[in-house]
Amino acid sequence: MDKRYTQVQDFLNDDQFVEWVVSGRNDRVWQQFRAANPGSELLMEKARQLILEINEAEDRDLPSLNPQRVWEKIRHTLHDPADENQPIPVPLWSRHLLRWAAGLVLLLGIGWLIQQRLTPKPITYQELIAREGGESQRIEKVNQRDTPVRITLEDGSLVTLYKNSKLSYPTHFEKDKRNVILTGEAFFEIAKDANKPFYIYSNEVVTKVLGTSFRIRAFGDSKQVVVQVRTGRVSVYSQQKTHLKDPETSGLVLLPNQQAIYSRTDENLSRKLVDVPVLLGAHSANPSPIRYDEVPATVVLKDLEKTYGISILFNEELLNECLITTALGNESLYDKLDLICKTIGASYKEVDAQLVVESKGCQ
């Protein structure tokens, strides 16, 4: 025991130490060394643990390695010509280390494969077309101009296709469904047909409707797919969820002035209000100012619910005591809410595509 042990590597380079850790041979000698060298005990323990881990990895079902060949390759990579013709000794600890490294590489490789399987893969426009049966019997419209292009489908549905966008659809729709494929941005006005639902496939998102108007933004290089509803109801779901028997059950149903935002990175589908809610139906055609004279705040809020088709939650008992005198005209919905809340000392927030008005009441 005339060697000096000043670092963990010194123990690993000692084949007798490695043999003691693995087989227990010469246990008395190494126990005496431990007692006589308390300053080296921590290094000794670290080396012992490392060897045990290497030995455990070696016992697993790992690819066999030829230590001599690997050692030669390492030396060749390091460009050490001086020893090229010399036999290369491979210490016992090195053999263990090489086997342990092989196990680590194998585990990392398995981890990489698992990650690849779990990481969502973007669905391309061409893949969607291939699923529908390729290019045969299909029409493709491409808009590379700055101005939108209007497309009329055979069922009477209208599609406004915006710049850098493509729409693919069959020459004739099937008997029980109407399928189209979009990459880019388009506004749809779908003709009603209760017996033949209309499906828009855009990246990983499927939009299902019977008859309504809405906008979709789904560019191939975008991180999000956005569906915004103008009128009617729309069902939106992800087609990445292949493990579900019916992926629509995990989707969302959107109402007017609501939007679904699908994150292609984490496969998350969320619902919120559109940035600028619009007036619906007859209200949009005649947005004349409405005058309120000393009416409860609940009356004004209920009118806003009807004109925008957005659910507004509030405590009716409290707000019945809050009277408002004002005129609401061409302001945005949020400007109107700001005015109302400032008048009665309330506040509001959006929760799951609904507006919640919070108030302590009026004295």
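Counting from 1, the numbers follow the sequence of the chain as shown. These numbers come from the heavy atoms of this one structure, side chains and all, not from hydrogens, waters or symmetry mates.
Looking only at distances, no side-chain donor or acceptor of S222 sits under 3.5 Å from a matching main-chain atom of A218. Listed for the D14 side chain is no donor-acceptor partner under 3.5 Å among the backbone atoms of F11. Between the side chain of K141 and the backbone N or O of R150, no donor-acceptor pair lies under 3.5 Å. A donor-acceptor pair is defined here as one N or O able to donate and one able to accept, closer than 3.5 Å; such a pair exists between the side chain of N315 and the backbone of E317. With hydrogens and angles disregarded, no donor-acceptor distance shorter than 3.5 Å links the side chain of E331 to the backbone of K336. In this structure, the side chain of D27 does not engage the main chain of W20 through any donor-acceptor pair within 3.5 Å. The backbone N or O of V278 lies less than 3.5 Å from a partner atom in the side chain of N257, making a donor-acceptor pair. Judged by distance alone, with hydrogens and angles left aside, the side-chain atoms of R271 form no donor-acceptor pair with the main-chain N or O of A353 at under 3.5 Å.
Atom CZ of R264 and atom NZ of K223 lie 11.5 Å apart (nearest 0.5 Å). Expressed to the nearest 0.5 Å, how far OG of S270 lies from CG of L252 amounts to 7.5 Å. Note that CZ of F198 is 11.0 Å distant from CG of D193, once rounded to the nearest 0.5 Å. For the atom pair CZ (R217) and CG (L182), the distance works out to 12.0 Å, reported to the nearest 0.5 Å. Separation of atoms CG (L254) and OG1 (T207) is listed at 8.0 Å; rounding is to 0.5 Å. One finds the CG atom of D338 at 10.5 Å from the OG atom of S347 (value rounded to the nearest 0.5 Å).
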Worked verdict on F188 versus L167 for side chain to side chain contact (heavy atoms under 4.5 Å, CB included): CA-CA 11 Å; F188 293 84; L167 182 73; 4.3 Å; yes
Stepwise side chain to side chain contact (heavy atoms under 4.5 Å, CB included) test for I290 and V300: CA-CA 10 Å; I290 300 176; V300 184; over 6 Å; no
Check against side chain to side chain contact (heavy atoms under 4.5 Å, CB included), L269 and S238: CA-CA 8 Å; L269 184 64; S238 166; 5.6 Å; no
Evaluation steps, side chain to side chain contact (heavy atoms under 4.5 Å, CB included), between I151 and Y169: CA-CA 11 Å; I151 303 168; Y169 54 95; 3.8 Å; yes
Intermediate values then yes/no, side-chain hydrogen bond (donor to acceptor under 3.5 Å, both in side chains), T307 and D303: CA-CA 6 Å; T307 55; D303 283 349; over 6 Å; no
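Minimum heavy-atom separation, R138 to I129: CD-CG2, 4.4 Å. Of all non-hydrogen atoms in S213 and E189, the two that sit nearest each other are CB-CG, 4.2 Å. The minimum heavy-atom distance between L12 and A47, with the atom names listed, is CD2-O, 4.1 Å. Between P170 and N179, the closest heavy-atom pair is CD-O, 3.2 Å. Of all heavy-atom pairs between I310 and P277, the closest is CD1-CB, 3.8 Å.
Every residue two or more places apart in sequence or in another chain that forms a side-chain contact (heavy atoms from CB on, under 4.5 Å) with A346 is listed here: C341, I344, V357, S359. In this structure R215 satisfies the salt bridge (charged side-chain N to carboxylate O under 4.0 Å, His left out) test together with E185, sequence neighbours excluded.
Hydrophobic clustering of Ile, Leu, Val, Met, Phe, Trp and Tyr side chains at less than 4.5 Å, counting indirect connections, unites F314 with Y308. Both L337 and Y292 are assigned to one and the same hydrophobic cluster, defined by single-linkage of ILVMFWY side chains at heavy-atom distances under 4.5 Å. A continuous path of hydrophobic side-chain contacts links L279 to L301 [ILVMFWY only; heavy atoms under 4.5 Å]. I181 and V142 are assigned to two separate hydrophobic clusters, defined by single-linkage of ILVMFWY side chains at heavy-atom distances under 4.5 Å. Residue V209 is not grouped with residue V274 when hydrophobic side chains (ILVMFWY) are merged at heavy-atom distances under 4.5 angstrom, including chains of intermediate members.
Counting only N and O atoms by type, the side chains of S165 and N143 include no donor and acceptor under 3.5 Å apart. A side-chain donor from one of T325 and E294 sits under 3.5 Å from a side-chain acceptor of the other.
A heavy-atom distance below 4.5 Å is found between the side chains of L304 and I312.
When hydrophobic side chains of Ile, Leu, Val, Met, Phe, Trp and Tyr are connected at separations under 4.5 Å, L313 ends up clustered with V351, V356.
Annotation: R28, atom CZ; neighbour count of heavy atoms from other residues, nucleotides and ligands within 6.0 Å does not exceed 12. Within 6.0 Å of CZ on R233 lie no more than 12 heavy atoms contributed by other residues, nucleotides or ligands. The environment of R25 atom CZ is sparse: at most 12 non-hydrogen atoms of other residues, nucleotides or ligands sit within 6.0 angstrom.
One finds a salt bridge joining K349 and E358 here, because a Lys/Arg side-chain nitrogen approaches an Asp/Glu carboxylate oxygen to under 4.0 Å. Taking 4.0 Å as the cut-off between side-chain N and carboxylate O, E45 and R48 count as a salt-bridged pair. A salt bridge does not link E154 to R178: none of the charged nitrogens lies less than 4.0 Å from a carboxylate oxygen.
Taking the six-membered ring for Trp and the full ring otherwise, the centers of F17 and Y5 sit at least 6.0 Å from each other.
Ring-plane geometry between Y334 and Y348 is classed as parallel, the angle between the planes falling under 30 degrees on a 0 to 90 degree scale with a further cut at 60.
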